[in-house]
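Below: one structure, written as structure tokens.
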Amino acid sequence: MKKLIIFATVVSLVSLGGCAAMLRQAPSIGDPVDIVQQKMGTPTAIYGAGNDRILEYATGPMGQQTFMARIGPDGRLVSYEQVLTSEKFATIKIDEATREDVLRAVGKPAETSRVGFRDYEVWSYRYKEAGVWNSLMHVHFDQQGIVRQMMNGPDPMYEPRDRFGW
């Protein structure tokens with residue numbers, strides 16, 4: 001019974017966090033940056049400089065969505081999208097993309113780790129593969145900060161049997 005109460009509490013908290021994110025009003029293309037921030041709140045990160053920049057709105061480390069608001073040189077919203085998708089991960093070029101490229105494409109990772117065998121730094125992102133499956137995308141960087149490998153698989157956080165011993 002205690003395990004069921006813990007599980008129900010975790011599910012409730014995650015659901016409430018998701019509801020809070022949905023209460024935000026999405027910005028409109030052409031909105032000035034101050035209106036974007038008024039609608040979305042303080043960004044979790046900002047990439048770029050001046051008015052030509054990207055505002056990150058991450059829901060991590062447990063969330064499966066990160067929204068990027070691209071601000072043009074005129075200080076207005078050029079695009080706004082949810083970037084933790086299979087399609088967006090597919091734009092990251094192995095053997096070419098850098099850490100900065102990955103940050104600008106999909107934002108900060110939910111988790112970081114290392115693979116000692118190749119001395120890779122690994123950034124992991126929670127997302128819904130094909131909009132359905134709870135997944136983790138692992139982006140592997142070499143010592144020079146170049147993407148050398150990407151792998152995805154199921155997200156163990158969403159497997160209650162494994163977490164609670166059921």
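All residue numbers refer to positions in the sequence shown, counting from 1.
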For Val33, which of Arg76, Gln38, Arg53 qualifies under side chain to side chain contact (heavy atoms under 4.5 Å, CB included)? Arg53
Quick one: NZ on Lys93 to CD1 on Ile146, what's the gap to the nearest 0.5 Å? 14.5 Å
Parallel, tilted or perpendicular: ring planes of Tyr80 versus Phe67, cut at 30 and 60 degrees: parallel
Taking Tyr158 as the starting point, is it possible to reach Val132 by hopping between hydrophobic residues whose side chains are less than 4.5 Å apart? no
Tell me whether Leu55 is reachable from Met68 by hopping between hydrophobic residues (I, L, V, M, F, W, Y) whose side-chain heavy atoms are closer than 4.5 Å. no
Full working for side chain to side chain contact (heavy atoms under 4.5 Å, CB included) between Tyr120 and Arg148: CA-CA 9 Å; Tyr120 284 168; Arg148 295 300 178 191; 3.5 Å; yes
Report the distance from atom CD of Gln82 to atom NZ of Lys128, rounding to the nearest 0.5 Å. 11.5 Å
Begin from the C-alpha positions of Tyr57 and Thr66 and carry the test side chain to side chain contact (heavy atoms under 4.5 Å, CB included) through to its verdict. CA-CA 6 Å; Tyr57 292 94; Thr66 293; over 6 Å; no
Please answer: with hydrophobic residues joined when any side-chain heavy atoms are less than 4.5 Å apart, are Met150 and Val83 in the same cluster? yes
Nearest heavy-atom contact between Arg126 and Gly63 is CB-O, 3.6 Å
Shortest non-hydrogen contact between Pro27 and Val36, atoms and distance: CB-CG2, 4.0 Å
For Glu129 and Ser135, work out which heavy atoms get closest and say how close. CB-OG, 3.4 Å
If only atom types and distance count, is the side chain of Ser28 paired as donor or acceptor with the main-chain N or O of Asp31 below 3.5 Å? no
Can you measure from CD (Glu111) to CH2 (Trp123) and round to the nearest 0.5 angstrom? 14.0 Å
Spatial distance of atom CD1 (Ile54) from atom CZ (Arg104) [nearest 0.5 Å]: 4.0 Å
Stepwise side chain to side chain donor-acceptor pair (under 3.5 Å) test for Glu56 and Thr44: CA-CA 6 Å; Glu56 172 195 277; Thr44 52; 2.6 Å; yes
Quick check: is Met62 connected to Leu136 through a chain of hydrophobic side chains (ILVMFWY, heavy atoms under 4.5 Å apart)? no
Quick check for you: to the nearest 0.5 Å, what is the distance between Lys108 atom NZ and Tyr47 atom OH? 7.0 Å
State, yes or no, whether a side-chain contact exists between Val147 and Ile92 at a heavy-atom distance under 4.5 Å. yes
Close side-chain approach of Met40 and Gln25, heavy atoms under 4.5 Å: no
Thr59 and Gln65 have their tightest heavy-atom pair at OG1-O, 2.5 Å
For Leu77 and Ile71, run side chain to side chain contact (heavy atoms under 4.5 Å, CB included): C-alpha distance rounded to whole Å, both residues' side-chain angles, the deciding distance at 0.1 Å, then the answer. CA-CA 5 Å; Leu77 183 67; Ile71 307 299; 4.1 Å; yes
Going through the checks in order, is the side chain to side chain contact (heavy atoms under 4.5 Å, CB included) test met by Lys39 and Gln37? CA-CA 5 Å; Lys39 289 178 179 179; Gln37 290 184 329; over 6 Å; no
His138 backbone acceptor or donor facing Ser124 side chain under 3.5 Å: no
Counting neighbours of CZ on Arg114 that are heavy atoms of other residues, nucleotides or ligands and sit closer than 6.0 Å, is the number greater than 12? yes
Would Ile94 and Phe89 show up in the same hydrophobic cluster when neighbours are defined by side-chain heavy atoms closer than 4.5 Å? yes
His140, Gln143, Arg99 screened by side-chain hydrogen bond (donor to acceptor under 3.5 Å, both in side chains) with Glu121, the one that passes: Arg99
Test log, rule side chain to side chain donor-acceptor pair (under 3.5 Å), inputs Asp155 and Tyr127: CA-CA 9 Å; Asp155 186 345; Tyr127 75 111; over 6 Å; no
Here the gap from Met137 atom CE to Ser86 atom OG, rounded to the nearest 0.5 Å, amounts to 6.0 Å
